[in-house]
Amino acid sequence: MKETGDEYFDSEEFRELLAEYEDAVNMGMPVFMDADELSDIADYYQMTERFDEADEAINLALSLSPGAIAPLTYKIHEALWNGNTEQAKEYLAQITETDEPDYVYDKAEIMLAEERVEEADRYLREEFKKVPPEEYQDYVIDVANIYADYNYPEKAMQWMTRAKQEDSPEFKELLARTLFGLGKYKDSEKLWGELIDTDPYSKHYWNALASTQLMNEDYSGSVESSEYAIAIDPNDAESLLSKANGLYRLGNYEEALDYFQRYSEHVPDDEYGWLYQGTCLINLERIDEALVILHKAADMAPHDSECLSDIFQELAFAYSEKSDEKKALEMLDLADIYDSDKVQTLVVRGHILLSAGDVKEAQHYFRQAVVMSDNPHQTLLRIIVSVYDNHYLDAAYHLFKKYFRVVDSECANGYAYMALCCYDLKRYDEFLSYLKEACRRNPNECKTALSHLFPEGVEPDEYYQYIKNRM
């Protein structure tokens with residue numbers, strides 16, 4: 001039996017239930033179980049990717065108990081996962097146990113899937129008035145969990161404020177997820193750390209901590225946390241992907257490529273893994289290999305994939321590296337079809353035109369990007385880095401000077417790239433000055449921009465002091 005990381009599914013009680021069910025099925029004997037037990041078995045099969053067996057178990061549950069809420073809830077979730085809210089409503093109408101809390105939750109989830117958020121909230125608040133006092137806590141936490149699952153962290157937090165504070169792992173995990181959704185990564189990280197202290201062998205907790213550290217730009221910490229998860233389960237796809245993402249952010253493209261490849265072996269139909277294999281290969285200057293992988297990613301991605309725009313942008317970069325401007329711009333035209341971030345596409349288009357020596361056209365798209373941007377300073381920085389990457393060093397230097405005059409004095413971004421530009425221009429006094437600021441303000445940017453100038457083992461926030469000691 002495969003370990004899942006779920007306390008109930010990994011328990012001896014469930015193992016015995018599953019063994020009883022499988023023995024009966026294998027011997028062609030009747031299955032004497034209720035709808036709830038069969039729904040649990042179906043959930044386990046689905047979690048372990050035994051989808052045909054999951055369908056058999058849930059269909060048996062429905063044949064034995066046609067209006068039972070547990071198997072119909074399973075079917076509702078399956079329909080919502082497939083984006084079929086009308087089918088989910090049909091299953092909801094078949095439920096006979098309409099006085100159960102799960103019926104309320106199912107109905108609310110369908111509303112959320114249809115983005116009727118305020119309507120769902122009004123409905124849940126009205127139903128809350130009917131809940132007996134002894135069940136308040138369970139109801140509030142269940143509702144908060146639903147909002148967290150559907151990525152409405154503000155609503156989840158509103159409902160959590162109605163709950164009594166608990167020290168239970170379930171409550172802490174919900175709070176950690178909600179804080180993560182609100183962008184409060186440090187607070188979320190602290191809670192995941194506390195949960196790991198209670199269960200250091202939970203790969204789920206380690207992966208959640210790694211994701212939180214990644215979002216908080218603690219890439220080294222994220223890699224370390226994912227390594228603990230991999231030690232617990234070397235074949236866990238989520239752990240492999242987590243480590244790959246951390247290594248990629250650290251600029252360790254060779255090792256990141258290996259982990260993205262391992263992830264794709266386990267989840268071959270996820271275009272994300274193939275996209276980042278291609279991106280790693282571009283960074284490693286293995287352009288022909290990158291083109292093969294990225295075209296594979298484009299061919300396999302569903303038409304509504306969020307990765308498609310990135311895939312075509314990376315293909316544009318790859319063709320640009322081969323000096324095939326026409327093909328690169330064709331790929332960008334495809335990216336435009338799928339991309340909601342038009343500013344990003346404009347910056348990439350300018351970059352490709354600049355790499356082809358078409359300065360005037362590049363300037364046209366760069367200006368458009370700044371005008372359209374909700375964060376023009378951030379967009380300007382990306383443009384300046386593009387100018388630097390295309391070896392227009394003097395132009396990049398003067399643009400950086402203008403950039404630092406217009407951004408807030410507390411701005412943390414850009415100093416490491418300006419330091420690198422000064423280094424290349426042999427403006428060594430300015431290099432040291434900007435390096436000092438970069439180390440103080442943004443060590444992660446230092447790692448990205450400047451790590452190739454320093455020996456392995458020197459931490460980014462130590463770059464300035466390392467050079468001072470050498471001098």
Side-chain angles (χ1 to χ4, degrees), residues 251 275 278-279 282-283 285 287 290 294 307-409 411-425 427 430 434 437-438 441-442 444-445 448-450:
L275 162 62
T279 306
I282 290 173
N283 281 287
E285 299 181 357
I287 306 301
L294 290 167
C307 289
L308 271 171
S309 176
D310 289 333
I311 292 168
F312 287 121
Q313 284 187 31
E314 292 301 322
L315 278 165
F317 281 123
Y319 281 115
S320 178
E321 287 295 313
K322 291 181 73 68
S323 301
D324 190 343
E325 180 188 357
K326 181 182 177 183
K327 196 69 176 173
L329 293 175
E330 281 179 18
M331 293 299 105
L332 272 188
D333 289 339
L334 290 170
D336 258 334
I337 295 170
Y338 298 99
D339 195 6
S340 58
D341 184 0
K342 299 301 180 187
V343 172
Q344 166 72 4
T345 312
L346 287 167
V347 172
V348 175
R349 194 176 291 275
H351 176 88
I352 288 169
L353 288 163
L354 195 60
S355 69
D358 197 340
V359 177
K360 188 174 180 180
E361 274 296 290
Q363 286 176 332
H364 168 72
Y365 287 108
F366 285 153
R367 285 195 193 97
Q368 272 191 278
V370 173
V371 169
M372 287 181 61
S373 178
D374 293 331
N375 190 339
H377 292 158
Q378 184 183 67
T379 301
L380 180 59
L381 177 58
R382 285 156 60 192
I383 290 168
I384 299 169
V385 172
S386 171
V387 172
Y388 168 82
D389 285 342
N390 280 296
H391 312 296
Y392 292 90
L393 300 183
D394 284 316
Y397 172 82
H398 290 293
L399 285 169
F400 271 124
K401 286 287 191 181
K402 290 180 181 179
Y403 169 78
F404 290 122
R405 284 199 294 269
V406 297
V407 296
D408 186 273
S409 60
C411 175
N413 301 321
Y415 288 90
Y417 290 104
M418 178 56 155
L420 181 59
C421 188
C422 291
Y423 180 85
D424 288 342
L425 289 168
R427 294 174 176 265
E430 287 182 86
Y434 284 108
E437 285 300 306
R441 294 170 185 255
N442 195 336
N444 285 323
E445 188 183 77
T448 302
L450 300 166

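The structure presented is a predicted model; accordingly, all values stated were derived computationally and were not measured.
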Next item on the list: Apply side-chain contact (heavy atoms from CB on, under 4.5 Å) to Leu354 and Gln363, showing your working.
Entry: CA-CA 8 Å; Leu354 195 60; Gln363 286 176 332; over 6 Å; no
Next item on the list: Dump the intermediate steps for side-chain contact (heavy atoms from CB on, under 4.5 Å) on Tyr319 and Glu325, then the final yes or no.
Entry: CA-CA 7 Å; Tyr319 281 115; Glu325 180 188 357; over 6 Å; no
Check: Taking it one step at a time, do Lys401 and Arg405 satisfy side-chain contact (heavy atoms from CB on, under 4.5 Å)?
Finding: CA-CA 7 Å; Lys401 286 287 191 181; Arg405 284 199 294 269; 4.1 Å; yes
Item checked: Evaluation steps, side-chain contact (heavy atoms from CB on, under 4.5 Å), between Ile384 and His398 -> CA-CA 9 Å; Ile384 299 169; His398 290 293; over 6 Å; no
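Using a distance-only test at 3.5 Å, with no hydrogens or angles considered, a donor-acceptor pair links the side chain of Glu445 to the main chain of Gly414. When atom types are taken as modelled, the side chain of Asn390 and the backbone of Ser386 share a donor-acceptor pair closer than 3.5 angstrom. Looking at Glu314, its side chain never comes within 3.5 Å of a backbone N or O of Leu275 through a donor-acceptor pair. A donor-acceptor pair under 3.5 Å is formed between the side chain of Thr379 and the backbone N or O of Asn375. For the pair Ser355 (side chain) and Ile352 (backbone), a donor-acceptor distance under 3.5 Å is present.
Here the side chains of Val406 and His377 are in contact, with some heavy-atom distance below 4.5 Å. In this structure, Tyr415 and Met418 have side chains that are not in contact, with every pair of non-hydrogen atoms separated by 4.5 Å or more. No side-chain heavy atom of Ile311 sits under 4.5 Å from any side-chain heavy atom of Tyr338. Side-chain contact between Phe400 and Leu381 is present, with heavy atoms from C-beta onward closer than 4.5 Å. The side-chain heavy atoms of Leu353 and Leu329, taken from C-beta on, include a pair separated by under 4.5 Å. Counting only heavy atoms from C-beta outward, the side chains of Glu285 and Glu321 never approach each other to under 4.5 Å.
Between atom CD of residue Gln313 and atom CG of residue Asp336 there is a gap of 8.5 Å, rounded to the nearest 0.5 Å. Of the inter-residue distances, the one linking Glu330 atom CD with Asp324 atom CG reads 8.0 Å to the nearest 0.5 angstrom. Remark: Arg441 CZ to Tyr434 OH distance equals 10.5 Å, nearest 0.5 Å. For the atom pair OG1 of Thr448 and CG of Leu420, the computed distance is 11.5 Å after rounding to the nearest 0.5 Å. The distance from atom OH of Tyr388 to atom CG of Asp394, rounded to the nearest 0.5 Å, is 12.5 Å. Summarising the geometry, atom CG belonging to Leu294 is positioned 5.5 Å from atom CD1 belonging to Ile282; distances are rounded to the nearest 0.5 Å.
Classified by interplanar angle (parallel below 30°, tilted 30° to 60°, perpendicular above 60°), the ring pair Phe317/His351 is perpendicular.
In this structure, Tyr392 places its OH atom where more than 12 heavy-atom neighbours from other residues, nucleotides or ligands lie under 6.0 Å away.
Closest approach of Ala416 and Leu450 over heavy atoms only: O-CD2, 3.8 Å. The shortest heavy-atom contact between Cys422 and Glu430 is SG-CB, 3.8 Å. When all heavy atoms of Val387 and Ala396 are compared, the pair lying nearest together is CG1-N, 3.8 Å. Taking all atoms of both residues into account, the shortest heavy-atom contact from Pro376 to Ser373 is N-OG, 3.5 Å.
Ring-centre distance between Tyr403 and Tyr417: not below the 6.0 Å cut-off.
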